[in-house]
Amino acid sequence: MEPLDQGKLPTHLAIIMDGNGRWAQQRMLKRIVGHQRGAETVKMVVEQSSQLGIKYLTLFAFSSENWSRPAIEVRALMTLLKKYIRHETARMMRNNIRYNVIGNRSELPDDVNQTLDEAIQETAANTGMVLTLALSYGGRQEISMAAARLARDITAGVLKHEDVTVDTFSGYLDTGGLPDPDFLIRTSGEMRISNFLLWQLAYTELYFTDINWPDFTINELHKALADFQSRERRFGKTSDQIISTKAYASR
Ligand code: IPE
Ligand code: IPE
Ligand code: MG
């Protein structure tokens with residue numbers, strides 16, 4: 001396994017877990033079997049990330065656009081989600097992980113919302129990694145809803161329009177309080193963002209792998225993190241500036 005520098009892990013890792021359907025279809029299995037196998041990968045990645053000391057893990061589990069899939073697949077995904085949360089809460093407690101959800105929860109079935117509320121409440125006092133599930137989530141939807149809330153606050157006189165900055169706007173998003181992702185992994189070979197965290201990914205390092213999500217292993221996770229560690233994040237500065245800041249910091 002690739003050796004990792006503990007001091008250079010992403011604070012916030014985000015993942016677009018893709019390729020469950022193709023994984024199943026390549027094996028003449030039903031798509032839902034791919035989702036079930038994908039849930040096993042989720043368990044591994046959650047536990048590994050928390051043990052590595054990653055502070056925030058955000059998983060794209062169901063998009064606003066995924067509602068357009070066949071009803072039978074949507075229903076199966078909702079059932080799987082509920083089962084996953086129920087079964088995994090004990091492990092979340094053992095690993096001191098706190099649940100968080102982003103996305104349009106009003107579109108989720110009531111029983112799913114109830115299970116989510118229970119898991120959020122039960123893990124609320126945990127102080128380790130924050131596991132954010134993006135459910136019925138779309139970046140554009142999130143941004144437009146944030147804009148609507150902000151407009152409402154301006155009308156109500158709670159906020160002045162001249163106080164609208166990048167930071168105040170960020171606070172209106174579902175991710176308010178979370179740092180922006182440092183690293184984004186997308187599996188299955190697709191090179192697109194698919195409406196995930198559009199605002200928050202502004203300076204995120206991107207990583208794409210051809211591996212389908214059910215085949216994503218600990219080794220693949222370490223390989224991706226090692227790749228992240230080899231990158232120089234410049235945030236618009238020159239490489240020389242980055243090197244001299246580092247030299248100064250290590251004096
Ligand atoms: C990702 O796998 C899981 C969800 C989007 C819910 P897909 O179901 O998108 O798998 P492919 O892309 O069809 O292979
Ligand atoms: C993105 O995957 C959403 C999730 C992983 C939940 P999709 O499989 O829905 O993405 P597109 O539609 O192929 O871009
Ligand atoms: Mg897909």
Side-chain angles (χ1 to χ4, degrees), residues 12-46 49 56-88 99-109 111-113 115-116 131-143 145 173-175 178 181 183-201 204-217 220-221 224:
H12 185 172
L13 169 64
I15 307 182
I16 302 177
M17 313 182 288
D18 199 10
N20 293 349
R22 275 162 288 166
W23 182 93
Q25 280 162 338
Q26 283 158 11
R27 289 162 180 77
M28 309 297 221
L29 299 166
K30 294 212 172 91
R31 291 177 59 85
I32 186 63
V33 180
H35 296 311
Q36 285 160 352
R37 287 296 295 265
E40 297 303 314
T41 307
V42 176
K43 286 183 201 168
M44 178 279 288
V45 167
V46 168
S49 303
Y56 302 89
L57 174 66
T58 299
L59 302 176
F60 202 4
F62 193 86
S63 74
S64 305
E65 291 72 25
N66 289 149
W67 291 114
S68 319
R69 291 193 178 192
I72 186 164
E73 180 167 344
V74 171
R75 243 192 328 266
L77 279 166
M78 292 299 143
T79 305
L80 181 63
L81 172 66
K82 218 169 66 181
K83 274 197 198 147
Y84 178 89
I85 305 275
R86 289 228 172 108
H87 285 153
E88 286 305 295
Y99 269 121
N100 179 40
V101 174
I102 57 172
N104 190 352
R105 285 193 56 185
S106 68
E107 290 175 342
L108 295 171
D111 56 339
V112 169
N113 268 321
T115 307
L116 288 170
L131 171 60
T132 300
L133 301 178
L135 295 170
S136 190
Y137 175 88
R140 286 183 165 177
Q141 289 82 342
E142 179 193 34
I143 291 170
M145 282 186 341
L173 295 167
D174 290 2
T175 50
L178 301 178
F183 194 41
L184 172 80
I185 298 173
R186 182 173 190 150
T187 57
S188 88
E190 309 298 354
M191 307 241 200
R192 53 178 176 261
I193 299 299
S194 301
N195 203 16
F196 190 42
L197 299 175
L198 295 180
W199 170 281
Q200 299 86 340
L201 293 176
T204 303
E205 294 296 328
L206 309 178
Y207 180 91
F208 299 97
T209 168
D210 285 338
I211 311 252
N212 286 323
W213 182 247
D215 284 334
F216 192 76
T217 56
E220 293 300 329
L221 177 64

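Counting starts at 1 for both ligands and their atoms, following the listed order. Computed over heavy atoms, backbone and side chain alike; hydrogens, waters and symmetry mates excluded.
For atom 2 (O) of ligand 2, the closest heavy atom belonging to the protein is R186 NH2, 3.7 Å. Atom 7 (P) of ligand 2 has as its closest protein heavy atom R69 NH2, 3.8 Å. Of the protein's non-hydrogen atoms, R192 NH2, 2.8 Å is the one closest to atom 13 (O) of ligand 2. Scanning the protein for heavy atoms near atom 10 (O) of ligand 1, the closest one is G21 N, 2.9 Å.
Distances shorter than 4.0 angstrom do not occur between any heavy atom of S188 and any atom of ligand 1. The closest approach between any non-hydrogen atom of Q25 and ligand 1 is not below 4.0 Å. Within the 4.0 Å heavy-atom cutoff, E190 does not count among the residues contacting ligand 1. Using a 4.0 angstrom heavy-atom cutoff, M17 counts as in contact with ligand 2. Ligand 1 lies within reach of A61, whose nearest heavy atom is under 4.0 Å from it.
Annotation: side chain of P181 is not in contact with side chain of T58 (no heavy-atom distance under 4.5 Å).
Proximity of F62 to ligand 2, defined as any heavy-atom pair under 4.0 Å, is confined to the backbone N, CA, C and O atoms. When heavy-atom distances to ligand 2 are checked against a 4.0 Å cut-off, R22 has no atom that comes that close, whether in backbone or side chain.
S188 and W213 are not linked by any side-chain donor-acceptor pair at a separation below 3.5 angstrom, with hydrogens and angles left out of the test. Between the side chains of Q141 and E107, no donor N or O sits under 3.5 Å from an acceptor N or O.
Among heteroatoms of the N, O or S kind in D18, OD1 lies nearest the Mg ion (ligand 3).
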Report task. Begin from the C-alpha positions of E40 and K43 and carry the test salt bridge (Lys or Arg N to Asp or Glu O under 4.0 Å) through to its verdict. Result -> CA-CA 5 Å; E40 297 303 314; K43 286 183 201 168; 3.2 Å; yes
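At least one N/O-N/O distance between S194 and ligand 2 falls below 3.5 Å.
Of the options N66, L59, I16, the smallest heavy-atom separation from atom 9 (O) of ligand 2 is shown by N66.
Shown in contact with R31 at under 4.0 Å from a heavy atom are these atoms of ligand 1, numbered in order with element: 7 (P), 8 (O), 10 (O), 13 (O).
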